[in-house]
Every structure is written in structure tokens, then in C-alpha cells.
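Written out below as C-alpha cells is the structure these notes cover.
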Amino acid sequence: MEALILAGGLGTRIRSVIGETPKPLAPISDRPFLFWQMEWLHLLGVRRFILAAGYRSEHLIQTVGESFFGHPVIYSIENQPLGTGGAIFHALDHIITDQRILVLNGDSMADVPLQELWDSNADIALAGIEVLDMTRYGALNFDLQTRKLLGFSEKGKNGHGHINAGVYSIRTDYLKNINRPHGFCSFEQDILLPEINHADMQVYPSRGFFIDVGIPADYTRAQELIPNFVKGKRNAIDLI
């Protein structure tokens, strides 16, 4: 498996906590958030990483280097902010797999069925996480039987439901042939929504662990939750 991590965010909401440190390198326990995320992906079978880098990319490169757990790390550098969609398309030339590419947000982690996403035949398979309060997120609307994505609800809707976990498995030929906007664009708003009636998009729901480190309160919670989550994955694999 090959993974593209969107690691170019400015981290403005937690700047008061992490200073000028790029958000993917925000310290979690004894090491950067990105190291925890990449170890989790390594444990689940990812063998090549592409980092879509923007803000302070030189610091990111210096910290991560050219390999992680022996797997190649490639950088797609943005000279200006491109948004989640723009970052994905900017990185296309670095993708070598001719099957699928995993795409993940570089500021959140979720216990999702990664192998199921990878094995999906859908043009785009996306992970949905069940949460008790969707207020901070837009809800996913999908058919529980067919998994077909039907749409998104705006942020601010209260109550229990499924949200987009920011983890996608995308057919590379679909991604390379799609009509796409140039420059800055949102993957969810400018790609998923316009394509929802033209492409096969399936949601893979999960009730597992999820945390977004983008705000100070959750960043504080992450100091314990993320290490425990990844260490649990290590232990589970050691037992196999």
C-alpha cells in the first residue's frame, strides 16, 4: 500500500500551543504526531509514503528524512496553499501505484478498516466514523445497505451520526483522469460533491477511535490517546 498524507496545514487553531511548529510535527507524548500516524500505517501494511508539504516544508523534510521504518518517503512541495484537493492533484506525479492510493489528513487519526478501504472496487472509498456529537463536523449521508455516498450535511448539526474521517482509498486511474480545478480547491467540496452522481463512492463506517489534533482541547487529549492507540496496534500484531 502507498499513502499520501496531506501534511501542509498551517495549524492556526493550535498555534498558541505549538508555536511555529508545522501541525503534522506537533509533539504528541515523546515524538511528532506524524511519526505516530506513519507507524500506524506501517503496522497496517503501508510501504511507501508521500507527504504533501507546504508550511515550513524544509523543517518537515529535515525531521522525517527520506525513509521511515525502511520505507521510502517522497515529498510533494506546495509553493502556495492548495487546499486538500489541490494538494492531492499536485502530488499525482509522485504516485507510482497503478491500483489505488490511500489519502489521509495529516492532523487526525482514526481506527478505520484500512484493508477494506484498500480492497474496495469503488472509485473512491471513504472512512466514516460514528461520533456522539457531530457539531464540529459535517455529517456523512449514505445508504447503510449499499454503502453508497449520498451527500454531506453542513457543520453544526447536533447529535449522533457518521462523519468523514479524512481517510480515502482512491483508484489512481480515476484520480488521474478526473476533470479537476486548478490551484486551490477542497477535495470534499470541489471534487466529492460534484462527482457524487457520476462516480462510485462508498462509505466504510466504523465505531473506532478518532481524534483531530487541530484544536487545543483535542490536542491535549491526544497526548495520551494516540500513543495508547498505536501501542495497542503494535501489541495486537505481536500476538499474531
Side-chain angles (χ1 to χ4, degrees), residues 1-13 22-24 34 37 41 48-57 60 74-110 112 117-118 120 122-129 136-142 148-155 162-204 212-214:
M1 288 191 282
E2 184 176 20
L4 167 62
I5 301 176
L6 307 181
L10 296 175
T12 53
R13 294 178 299 172
K23 184 167 55 172
L34 189 59
Q37 186 181 40
L41 292 170
R48 188 173 187 269
F49 297 95
I50 304 168
L51 302 185
Y55 174 69
R56 298 198 66 193
S57 59
L60 188 76
I74 311 301
Y75 295 90
S76 173
I77 307 299
E78 304 166 25
N79 295 321
Q80 60 185 15
L82 295 176
T84 51
I88 293 170
F89 296 126
H90 187 66
L92 279 178
D93 289 342
H94 298 291
I95 298 172
I96 62 172
T97 176
D98 59 359
Q99 299 175 341
R100 306 189 72 85
I101 180 73
L102 293 171
V103 178
L104 304 95
N105 289 334
D107 60 1
S108 62
M109 285 185 64
V112 299
L117 289 166
W118 181 262
S120 173
D123 295 326
I124 301 176
L126 59 157
I129 286 286
R136 278 180 53 201
Y137 313 95
L140 287 177
N141 301 319
F142 62 98
K148 178 178 174 57
L149 179 65
L150 303 176
F152 301 90
S153 297
E154 294 293 328
K155 293 181 181 180
H162 286 87
I163 63 169
N164 185 352
V167 181
Y168 308 94
S169 168
I170 310 171
R171 279 183 37 227
T172 49
D173 61 339
Y174 169 80
L175 190 59
K176 291 180 177 180
N177 290 305
I178 189 176
N179 290 324
R180 57 187 184 268
H182 295 285
F184 187 98
C185 68
S186 160
F187 185 65
E188 188 172 274
Q189 297 299 319
D190 298 316
I191 305 301
L192 293 184
L193 276 177
E195 284 285 306
I196 205 165
N197 293 319
H198 307 290
D200 179 14
M201 301 187 194
Q202 295 181 9
V203 176
Y204 286 74
D212 176 348
V213 299

Between His90 and Ser76 the two heavy atoms that sit nearest each other are CD2-OG, 3.3 Å

Using the side-chain contact (heavy atoms from CB on, under 4.5 Å) rule, pick out the option among Ile88, Leu51, Leu104 that qualifies with Leu6. Ile88

When rounded to the nearest 0.5 angstrom, what distance separates CD in Gln99 from CZ in Arg171? 11.5 Å

4.5 Å side-chain heavy-atom contact, Thr84 and Tyr168: no

Tell me whether Gln202 contacts the main-chain N or O of Ala122 through its side chain, where contact means a donor paired with an acceptor under 3.5 Å. no

Exercise: identify the closest heavy-atom pair between Pro24 and Ala7: CG-O, 3.4 Å

Report yes if some heavy atom in the side chain of Phe187 is under 4.5 Å from a heavy atom in the side chain of Ile124; otherwise report no. yes

Is a side-chain donor or acceptor of Arg100 paired with a backbone partner of Ser120 at a separation under 3.5 angstrom? yes

How about Leu126 and Leu140: do any of their side-chain heavy atoms sit closer than 4.5 Å? yes

Kindly give the heavy-atom pair with the smallest separation between Leu192 and Met201, and that separation in Å. O-CE, 3.4 Å

Taking the side chain as every heavy atom from C-beta outward, state whether Phe89 and Ile191 have any pair of such atoms under 4.5 Å apart. yes

Please round to the nearest 0.5 Å and tell me the distance separating atom CG of Leu102 and atom CD1 of Ile5. 9.5 Å

Out of curiosity, Asn141 CG to Leu149 CG, how far, rounded to the nearest 0.5 Å? 8.0 Å

pair Asp212-Asp107: side-chain heavy atoms closer than 4.5 Å: yes

What's the separation between atom CZ in Phe184 and atom CD in Gln80, rounded to the nearest 0.5 Å? 10.5 Å

Any chance the side chains of Tyr75 and Ser57 put a donor and an acceptor closer than 3.5 Å? no

I want to check something: taking the side chain as every heavy atom from C-beta on, are Leu34 and Phe49 in contact at a cut-off of under 4.5 Å? no

If only atom types and distance count, is the side chain of Arg56 paired as donor or acceptor with the main-chain N or O of Pro22 below 3.5 Å? no

Please tell me if the side chains of Ile178 and Asp123 come closer than 4.5 Å, counting only heavy atoms from C-beta onward. no

Distance-minimising heavy-atom pair for Leu4 and Ala91: CD1-CB, 3.9 Å

Polar side-chain atom of Glu188 near backbone of Leu193 as donor-acceptor pair, under 3.5 Å: no

What distance separates Ile95 CD1 from Ile74 CD1, expressed to the nearest 0.5 Å? 12.0 Å

Of all heavy-atom pairs linking Glu2 and Thr97, the shortest is OE1-CG2, 2.9 Å

Between CD1 on residue Ile50 and NE2 on residue His94, distance to nearest 0.5 Å: 7.5 Å

Would you say Tyr204 and Val112 make side-chain contact, with heavy atoms under 4.5 Å? no

What is the minimum heavy-atom distance between Ala3 and Leu41, and which atoms define it? CB-CD1, 4.2 Å

